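What you are looking at is a predicted structure, and each value in this text was computed from that prediction instead of being measured.
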Amino acid sequence: MPLALLALAVGAFGIGTTEFVMMGLLPDVADDLHTSIPSAGHLVSAYALGVVIGAPLLAAVTARMSRRTVLIGLMVLFVVGNTLSAFAPDQHTLLAARFLSGLPHGAFFGVGAVVATGLVAPERRARSVSLMFLGLTIANIAGVPAATLVGQHLGWRAAFLGVGAIGLVAIAALALLIPRDRDRDRAPATGLRGELAALRSLPVWLALGTTVAGFGALFAAYSYITPMLTDAAGYAAGSVTVLLALFGVGATIGNLVGGRLADHAMRSTLFGGLTSLAVVLALFPVLMRAEWSAALAVVLLGAAAFVTGSPLQLMVMEKAASAPSLASSANQAAFNLANAGGAWIGGLALAAGFGATSPALAGAVLAVLGLAVAATATIVDRRRALPGRERLVAAHVPGRREPARQSG
């Protein structure tokens with residue numbers, strides 16, 4: 001694998017760290033800015049909103065630019081956003097800074113996925129995407145706990161300065177390791193309208209819908225993993241941080257395995273991952289009855305969910321071949337919609353009084369929905385390919401000259 005993928009992974013590590021570190025620092029931020037924790041929670045939403053808006057927008061408006069230049073520019077924006085967060089004097093300024101920090105998130109992964117697949121042979125495309133995403137999963141193991149620890153001991157502002165420093169390292173790595181001859185590897189110069197037209201395809205929307213449903217299943221459970229571990233499994237609150245690191249371990253394993261398998265059979269890997277996710281979530285009420293099985297459940301949840309990451313990214317890119325950067329970035333927006341929607345659905349199950357593990361069961365339903373959408377996408381693809389095959393067969397059947405002329 002090219003060393004240039006390391007530069008993409010470093011950027012992904014920084015982005016993954018800043019996305020999740022706010023959740024661990026909310027009490028510190030709320031206390032320092034003299035606001036309530038629920039009010040400070042809007043800082044998480046501001047970042048997610050930045051991702052959803054910035055992912056397709058930045059990918060579309062930079063479509064004619066060198067992808068190497070775009071990646072470096074996105075990381076510059078990332079550094080600016082995190083630096084402004086560190087020096088924000090009040091909550092309103094911090095909200096704006098967090099929104100700014102989220103803008104480059106989806107576009108970086110979207111454009112980065114296109115660059116990563118262009119650096120390797122066709123049979124290693126999924127693996128290259130998984131190696132870029134490796135930075136994101138490792139952020140959950142090391143980056144987020146480390147930044148949270150820094151924030152708790154040196155102040156939350158120091159944590160965001162540290163994340164900004166990671167961004168500077170990523171900029172240097174991108175400048176040094178992404179080959180300069182890739183500057184000529186640009187998306188077709190179809191203009192903004194042409195880029196957006198690529199998203200009108202039904203297969204693209206079915207692929208995005210699979211992402212929303214599949215990862216919505218993950219976040220329906222993961223958003224409420226702490227009460228599951230404490231109320232159902234009996235863990236002390238202080239143990240949750242270690243268990244969340246186990247989730248990162250599972251996600252890393254699933255990401256690497258999924259990338260390798262998807263290079264051999266993309267759809268089979270996707271269906272297998274979604275099926276595994278549905279089964280794991282359905283077993284949560286049983287697995288959460290003991291501490292050892294609860295820890296196993298956390299690892300399996302991360303592994304099953306992230307097996308689907310690479311095949312979903314590649315599927316969207318393939319369905320929008322004329323605008324892969326835009327479609328790939330839109331898929332990142334879909335991930336964040338899954339985050340918000342899954343958390344909302346899991347919360348409904350919890351608020352209805354169905355028990356601490358009920359969000360996981362709601363997630364299992366979403367995983368089955370993801371399977372249904374993926375199956376629909378497969379049927380649509382086969383039906384769209386059918387006319388071409390029929391014309392090919394007709395061309396070789398005596399007496400069927402009209403279809404033969406049409407195929408020519």
Audit row: L283, L300, side-chain contact (heavy atoms from CB on, under 4.5 Å) steps and yes/no: CA-CA 11 Å; L283 290 175; L300 292 176; over 6 Å; no
Nearest heavy-atom neighbours spanning [X] and [Y]:
{"X": "T211", "Y": "A334", "result": "CG2-CB, 3.9 Å"}
{"X": "G258", "Y": "P311", "result": "O-CD, 4.4 Å"}
{"X": "A107", "Y": "A59", "result": "CB-N, 4.3 Å"}
{"X": "G216", "Y": "A338", "result": "N-CB, 3.4 Å"}
{"X": "T18", "Y": "F160", "result": "OG1-CE2, 4.0 Å"}
{"X": "S293", "Y": "V286", "result": "OG-O, 4.4 Å"}

For the backbone of [Y] and the side chain of [X], can you confirm whether one donor and one acceptor N or O come within less than 3.5 Å of each other?
{"X": "Y224", "Y": "G347", "answer": "yes"}
{"X": "D32", "Y": "D28", "answer": "no"}
{"X": "R68", "Y": "I178", "answer": "yes"}
{"X": "R124", "Y": "T117", "answer": "no"}
{"X": "S66", "Y": "T69", "answer": "yes"}
{"X": "N339", "Y": "F335", "answer": "no"}
{"X": "T210", "Y": "L206", "answer": "yes"}

What distance separates [X] [atom1] from [Y] [atom2], expressed to the nearest 0.5 Å?
{"X": "L366", "Y": "L371", "atom1": "CG", "atom2": "CG", "result": "11.5 Å"}
{"X": "L154", "Y": "L149", "atom1": "CG", "atom2": "CG", "result": "8.5 Å"}
{"X": "L33", "Y": "H92", "atom1": "CG", "atom2": "NE2", "result": "10.5 Å"}
{"X": "Y235", "Y": "T226", "atom1": "OH", "atom2": "OG1", "result": "13.0 Å"}
{"X": "T357", "Y": "L350", "atom1": "OG1", "atom2": "CG", "result": "9.5 Å"}
{"X": "L270", "Y": "T308", "atom1": "CG", "atom2": "OG1", "result": "6.5 Å"}

With heavy-atom distances below 4.5 Å as the criterion, would you say the side chains of [X] and [Y] are in contact?
{"X": "V79", "Y": "V163", "result": "no"}
{"X": "M75", "Y": "V80", "result": "no"}
{"X": "V115", "Y": "L71", "result": "yes"}
{"X": "L8", "Y": "L5", "result": "yes"}
{"X": "V365", "Y": "L361", "result": "no"}
{"X": "L277", "Y": "L301", "result": "yes"}
{"X": "I225", "Y": "F284", "result": "yes"}
{"X": "F271", "Y": "T378", "result": "yes"}

Verdict with reasoning, E123 to H264, per side-chain contact (heavy atoms from CB on, under 4.5 Å): CA-CA 8 Å; E123 65 272 13; H264 297 284; over 6 Å; no
Whether F215 and F219 hold their rings parallel, tilted or perpendicular, with breakpoints at 30° and 60°: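 F215 and F219: tilted rings.
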R267, CZ: over 12 other non-hydrogen atoms inside 6.0 angstrom: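 Yes, because the 6.0 Å sphere around CZ of R267 holds more than 12 heavy atoms from other groups.
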NE2 (H153) with more than 12 external heavy atoms under 6.0 Å: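 No, the 6.0 Å shell around NE2 holds no more than 12 heavy atoms from other groups.
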Worked verdict on L256 versus L131 for side-chain contact (heavy atoms from CB on, under 4.5 Å): CA-CA 7 Å; L256 292 174; L131 289 178; 3.9 Å; yes
[X]-[Y] side chain donor-acceptor pair, cut-off 3.5 Å:
{"X": "S130", "Y": "N255", "value": "no"}
{"X": "R98", "Y": "S85", "value": "no"}
{"X": "D90", "Y": "T93", "value": "yes"}

Charged N-O contact under 4.0 Å between D263 and R127: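 Salt bridge flag = yes for R127 with D263.
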Less than 6.0 angstrom separating the ring centers of [X] and [Y], yes or no?
{"X": "F133", "Y": "F109", "result": "yes"}
{"X": "Y222", "Y": "F247", "result": "yes"}
{"X": "H105", "Y": "Y47", "result": "yes"}

side-chain contact (heavy atoms from CB on, under 4.5 Å) assessment of F13 paired with L136: CA-CA 5 Å; F13 177 81; L136 181 64; over 6 Å; no
